[in-house]
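Counting begins at 1 with the first residue of the sequence.
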Amino acid sequence: MKLRKLIEELNLFERGRVSTEVRILGIATYIQTFSTRRTAKILSEIHSVSHTAIWKWVKEFEEKLPISTERKERNLIALDETVVKANRKRYYVFSAVDVERNELILMRVYPTRNYLTAKSFIKEVLKYCENKPRFVIDKAPWLKRALESLKLEFEHETFRKA
């Protein structure tokens with residue numbers, strides 16, 4: 001369940017002048033900052049976009065996968081990390097989706113992926129949970145190690161290309 005593949009399957013964006021990678025970074029940055037203008041300024045290092053375009057991307061995204069910022073009881077959360085390449089740099093977009101509600105809980109952009117970033121991300125996800133949910137992950141060792149260190153239940157599911 002890679003984020004890019006999910007976005008393509010949900011047909012979230014019509015083809016446009018801006019790549020899917022830049023749009024993913026834009027949505028993730030917006031979720032971190034909650035400011036379209038700040039997001040546009042940050043993205044300007046990669047690709048020039050208006051704050052209005054970012055707002056449209058976020059609205060299109062939310063129509064297909066609602067963003068939930070409420071603290072709730074959650075049973076199963078899918079964690080994923082996607083590598084996005086832009087301007088010859090790699091960015092790692094971590095996402096958490098409440099599987100039962102089909103809601104995006106959190107999305108963050110990191111300059112690196114490792115045990116510490118995974119653990120930091122999971123701790124932040126838990127702030128949106130009233131309980132300790134079970135997690136679904138792929139074979140990413142940094143996610144597995146972080147969940148084990150936090151003593152959280154998880155199951156491994158291989159997300160393969162069809």
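Annotation: side chain of I77 is in contact with side chain of P133 (closest heavy-atom distance under 4.5 Å). When side chains are defined from C-beta on, H47 counts as touching V18, because their heavy atoms get closer than 4.5 Å. Using a 4.5 Å cut-off on side-chain heavy atoms (C-beta onward), E153 and K132 make no contact. Between V83 and Y91, every side-chain heavy-atom pair lies at or beyond the 4.5 Å cut-off. Under the 4.5 Å side-chain criterion, counting only non-hydrogen atoms from C-beta, K85 is not in contact with E21. Contact of the I137 side chain with the L147 side chain is registered, since non-hydrogen atoms from C-beta on lie closer than 4.5 Å. For the pair K56 and K59, the minimum side-chain heavy-atom distance is 4.5 Å or more.
A40 and S50 make their closest contact through CB-C, 4.2 Å (heavy atoms, listed as atom of the first residue, atom of the second, distance). Listed here is the closest heavy atom pair of Q32 and M107: CG-O, 3.9 Å. L43 and G26 make their closest contact through CD1-CA, 3.5 Å (heavy atoms, listed as atom of the first residue, atom of the second, distance).
Cluster membership for V109 and L104, using ILVMFWY side-chain heavy atoms within less than 4.5 angstrom, is shared. A chain of hydrophobic side-chain contacts below 4.5 Å, direct or via other Ile, Leu, Val, Met, Phe, Trp or Tyr residues, connects F135 to L150. Residues L116 and V93 are members of separate hydrophobic clusters, defined by side-chain heavy-atom contacts under 4.5 angstrom among Ile, Leu, Val, Met, Phe, Trp and Tyr. Neither I31 nor I42 shares a network with the other; the hydrophobic side chains, linked directly or stepwise wherever heavy atoms of I, L, V, M, F, W or Y lie under 4.5 Å apart, form separate groups for each. Tracing side-chain contacts under 4.5 Å through hydrophobic residues (I, L, V, M, F, W, Y), one never reaches Y115 starting from L126; they form parts of separate clusters.
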### Task
Test F121 against F94 for ring-ring contact (aromatic ring centres under 6.0 Å, His included), laying out the working first.
CA-CA 7 Å; F121 179 74; F94 283 72; 5.6 Å; yes

### Query
Can F154 and V136 be said to form a side chain to side chain contact (heavy atoms under 4.5 Å, CB included), step by step?
CA-CA 6 Å; F154 66 93; V136 178; over 6 Å; no

### Message
Quick one, Y110 with E81, criterion side chain to side chain contact (heavy atoms under 4.5 Å, CB included). Give me CA distance, side-chain angles, the key distance, then yes/no.
### Response
CA-CA 10 Å; Y110 295 97; E81 164 266 319; over 6 Å; no

### Task
Determine, step by step, whether E45 and N87 satisfy the side chain to side chain contact (heavy atoms under 4.5 Å, CB included) criterion, reporting the C-alpha distance in whole Å, the side-chain angles of both residues, the deciding distance to 0.1 Å, and the verdict.
CA-CA 9 Å; E45 294 181 22; N87 278 10; 5.8 Å; no

### Task
Determine, step by step, whether E148 and R145 satisfy the salt bridge (Lys or Arg N to Asp or Glu O under 4.0 Å) criterion, reporting the C-alpha distance in whole Å, the side-chain angles of both residues, the deciding distance to 0.1 Å, and the verdict.
CA-CA 5 Å; E148 287 171 343; R145 187 170 164 221; over 6 Å; no

### Message
The test is side chain to side chain contact (heavy atoms under 4.5 Å, CB included); show your working for T36 and Y30 and say whether it passes.
### Response
CA-CA 6 Å; T36 57; Y30 172 79; 3.8 Å; yes

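Taken from NZ in K123 to OG in S149, the straight-line distance is 8.0 Å, to the nearest 0.5 Å. In this structure, the separation between CD1 on I27 and CD1 on I54 is 10.0 Å, given to the nearest 0.5 Å. Taking CG from D138 and CD from E157, the interatomic distance works out to 9.5 Å, rounded to the nearest 0.5 Å. Taking SG of C129 as the start and CG of L152 as the end, the distance is 9.5 Å to the nearest 0.5 Å. Note: I67 CD1 to E103 CD = 10.5 Å, rounded to the nearest 0.5 Å. Atom CD1 of I122 and atom CG of L79 lie 5.5 Å apart (nearest 0.5 Å).
Looking only at atom types and distance, the side chain of T39 has no donor-acceptor partner in the side chain of T29 under 3.5 Å away.
Without hydrogens or angle criteria, R74 side chain to Y128 main chain gives a donor-acceptor distance under 3.5 Å. Not a single donor-acceptor pair under 3.5 Å links the side chain of R90 to the backbone N or O of V84.
The 12-atom threshold is not exceeded at NZ of K41, counting heavy atoms of other residues, nucleotides or ligands nearer than 6.0 Å. Within a 6.0 Å sphere centred on CZ of R101, other residues, nucleotides and ligands contribute more than 12 heavy atoms. Counted within 6.0 Å of CD on E155, heavy atoms from surrounding residues, nucleotides or ligands total more than 12; the atom is thus considered enclosed.
For R71, the salt bridge (charged side-chain N to carboxylate O under 4.0 Å, His left out) test picks out no residue, with sequence neighbours left out.
E124 has a carboxylate O that lies under 4.0 Å from a charged side-chain N of R108, or vice versa, which qualifies the two as a salt bridge.
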